[in-house]
Amino acid sequence: MKKLGAEFYEAPTLVLAERLLGKIFVHREASGRVTRGRIVETEAYLGEGDEACHAWRGMTERNRAMFGPPGTLYIYFAYGCHYLANIVSEPEGVAGAVLLRAMEPVEGVEWMRERRRKVDERALMSGPGKLTEALGLGPAHYGESLSGEICWLEDAPDLPPELIGASPRIGISRSAALPWRRFVTGSPHVSKTQIGAPSKKRKKGIGK
DNA sequence: GCGATGATGAACT
DNA sequence: GTTCATCATCGCA
């Protein structure tokens, strides 16, 4: 498999979101353990005109990686429980990134199971928080370049258009109508979370 | 099988 | 204080 070069990532975010489907994400730890996953679900986040994007109001300490060079990782901590990984797109200076939402385990399933604790293979990477845990990605990889020796992508044939599905993004409330989610139609490894029913207001426990 | 909810931390108003 | 680009679990069917 051929490692994708930096030029692959310098593309409009929505275009990159589609091109990433089918590609192989690789993480090689210092210990030598290698894990590979095939990307089957993504979401595009743009700095301009997208209120769900962390960078829509400008650069902050947290989101500065989204303005950086394309082909780097933007990783952040969400909900107090999970790290989510994005691949930065667009030319340097323009905010944009593609959220990795789901993958199909390809190699290193044993390490994934160890990190995720006994779960069936379908649940190993079928969600953005799950796949970062399975791959062993975390804050240490913030801003990491995909042209380096730790994380990278390997090429794979582009998917035929009829296999690429589109829908609104999941789990957001601002700019929720934009159909910027992309996924491999029929893949059992796509996250199952449903988009419809935006459960009204999350009730916060008052007296705890 | 399915929907609702707590956990838990950091950024933002 | 409120809001999250979430996940696992519990309760009900």
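None of these values were measured; they are calculated from a predicted model. Note on naming: letters A, B, ... go to the chains in the order of the sequence lines (proteins, then strands), and numbering restarts at 1 for each one.
Looking at heavy-atom distances under 4.0 Å, L99(A) makes contact with a base. The residue R117(A) sits apart from the nucleic acid: no heavy atom pair falls under 4.0 Å. Contact annotation for M66(A): base contact, defined as any heavy-atom pair under 4.0 Å involving a base atom. Using a 4.0 Å heavy-atom cutoff across all strands shown, G129(A) reaches sugar-phosphate atoms only and no base atom.
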Under 3.5 Å donor-acceptor pairs involving side-chain atoms of residues 5-19 of chain A, not counting sequence neighbours:
unit_1 : atom_1 : unit_2  : atom_2 : d
T13(A) : OG1    : S89(A)  : OG     : 2.7
T13(A) : OG1    : E90(A)  : OE2    : 2.8
E18(A) : OE2    : R182(A) : NE     : 2.9

Please tabulate, for side-chain N and O atoms in residues 151-161 of chain A, each donor-acceptor pair with protein atoms closer than 3.5 Å (sequence neighbours left out).
unit_1  : atom_1 : unit_2  : atom_2 : d
W152(A) : NE1    : E154(A) : OE2    : 3.3
E154(A) : OE1    : R36(A)  : NE     : 3.3
E154(A) : OE2    : R36(A)  : NH2    : 2.8
D158(A) : OD1    : K23(A)  : NZ     : 3.0

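Using a 4.0 Å cut-off, no side-chain N or O of R174(A) falls inside it from OP1 or OP2 of dT3(C). Phosphate proximity of dA5(C) to R181(A): absent, as no side-chain N or O sits under 4.0 Å from OP1 or OP2. Listed pair S173(A) / dT3(C) fails the phosphate criterion, with no side-chain N or O lying under 4.0 Å from OP1 or OP2. At the phosphate of dA11(B), neither OP1 nor OP2 sits under 4.0 Å from any side-chain N or O atom of R57(A).
Residue H82(A) places its side chain closer to dT6(C) than to any other of dT6(C), dA8(C), dA5(C). Across dG9(B), dT6(C), dA11(B), the shortest atom-to-atom separation from the side chain of I170(A) is found for dT6(C). Listed nucleotides: dA5(C), dC7(C), dC12(B). Nearest to the side chain of P128(A): dC7(C). In the set dC12(B), dA8(C), dA10(B), dA8(C) carries the atom at the smallest distance from any side-chain atom of R116(A).
In this structure, CD on E43(A) lies 12.0 Å from SG on C53(A), to the nearest 0.5 angstrom. One finds the CE atom of M66(A) at 8.0 Å from the CG atom of L46(A) (value rounded to the nearest 0.5 Å). Taken from CD1 in I150(A) to CG in L137(A), the straight-line distance is 10.5 Å, to the nearest 0.5 Å.
For DNA chain C, no neighbouring residue in residues 136-145 of chain A is found when judged by any heavy atom under 4.0 Å. Heavy-atom distances under 4.0 Å link DNA chain C to no residue of residues 89-97 of chain A. For the segment residues 43-56 of chain A, the set of residues with a heavy atom within less than 4.0 Å of an atom of DNA chain C comprises Y45(A), A52(A), H54(A), in numerical order.
Atom pair L84(A):CG and dA5(C):P shows a separation of 9 Å (rounding to whole Å applied). For F77(A) and dC7(C), the CZ to P distance is 13 Å, given to the nearest whole Å. As rounded to whole Å, 13 Å separates atom P of dA10(B) from atom CD of E61(A). Atom pair Y79(A):OH and dC4(C):P shows a separation of 7 Å (rounding to whole Å applied). Straight-line distance from the CG atom of L124(A) to the C1' atom of dA8(C): 15 Å, rounded to whole Å. What separates OH of Y83(A) from P of dT8(B) is a distance of 15 Å, to the nearest Å. Between R101(A) atom CZ and dA5(C) atom P there is a gap of 11 Å when expressed in whole angstrom units. Going from atom CG of D120(A) over to atom P of dA8(C) covers 11 Å, rounded to whole Å.
The environment of E29(A) atom CD is dense: over 12 non-hydrogen atoms of other residues, nucleotides or ligands sit within 6.0 angstrom. The neighbour count for R33(A) CZ, taken as heavy atoms of other residues, nucleotides or ligands under 6.0 Å away, is above 12.
Considering every non-hydrogen atom in both A65(A) and Y142(A), the closest pair reads N-OH, 3.2 Å.
Applying the salt bridge (Lys or Arg N to Asp or Glu O under 4.0 Å) test to every pair with at least one member in residues 136-150 of chain A, sequence neighbours left out, gives these pairs: K3(A)-E149(A), R28(A)-E149(A). Listed by first and then second residue, the ring pair (Phe, Tyr, Trp, His ring centres under 6.0 Å) pairs that reach into residues 97-141 of chain A are H27(A)-H141(A), sequence neighbours excluded. Under the ring pair (Phe, Tyr, Trp, His ring centres under 6.0 Å) criterion, no residue pair touches residues 169-192 of chain A, with sequence neighbours excluded. The salt bridge (Lys or Arg N to Asp or Glu O under 4.0 Å) contacts involving residues 124-136 of chain A comprise R116(A)-E133(A), where partners must be two or more places apart or lie in separate chains.
Annotation: side chain to side chain contact (heavy atoms under 4.5 Å, CB included) contacts of Y76(A) (sequence neighbours excluded): H54(A), R62(A), Y74(A), A78(A), L84(A), N86(A).
Taking 4.5 Å as the limit, every side-chain heavy atom of T132(A) sits out of range of all side-chain heavy atoms of I75(A). Looking only at side-chain heavy atoms (C-beta outward), I170(A) and R181(A) come within less than 4.5 Å of each other. Side-chain contact between I164(A) and V184(A) is absent, with no heavy-atom pair separated by less than 4.5 Å.
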- Item | Stepwise side chain to side chain donor-acceptor pair (under 3.5 Å) test for E104(A) and S187(A) | CA-CA 9 Å; E104(A) 169 185 339; S187(A) 169; 4.9 Å; no
Check nucleotides 9-11 of chain C for protein N or O atoms closer than 3.5 Å to its own N or O atoms and list the pairs.
none

- Note on the structure: Its dot-bracket string being built from Watson-Crick and G-U pairs below 3.5 Å, with | for another strand and [ ] for crossing, DNA chain B has the pattern |||||||.||||.
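Annotation: dT2(C) and dG6(B) have their P atoms spaced 15 Å apart (nearest Å). Taking atom P in both dA5(C) and dG3(B), one finds a spacing of 22 Å when rounded to whole Å.
With salt bridges taken as basic N to acidic carboxylate O contacts below 4.0 Å, one links R169(A) and D50(A).
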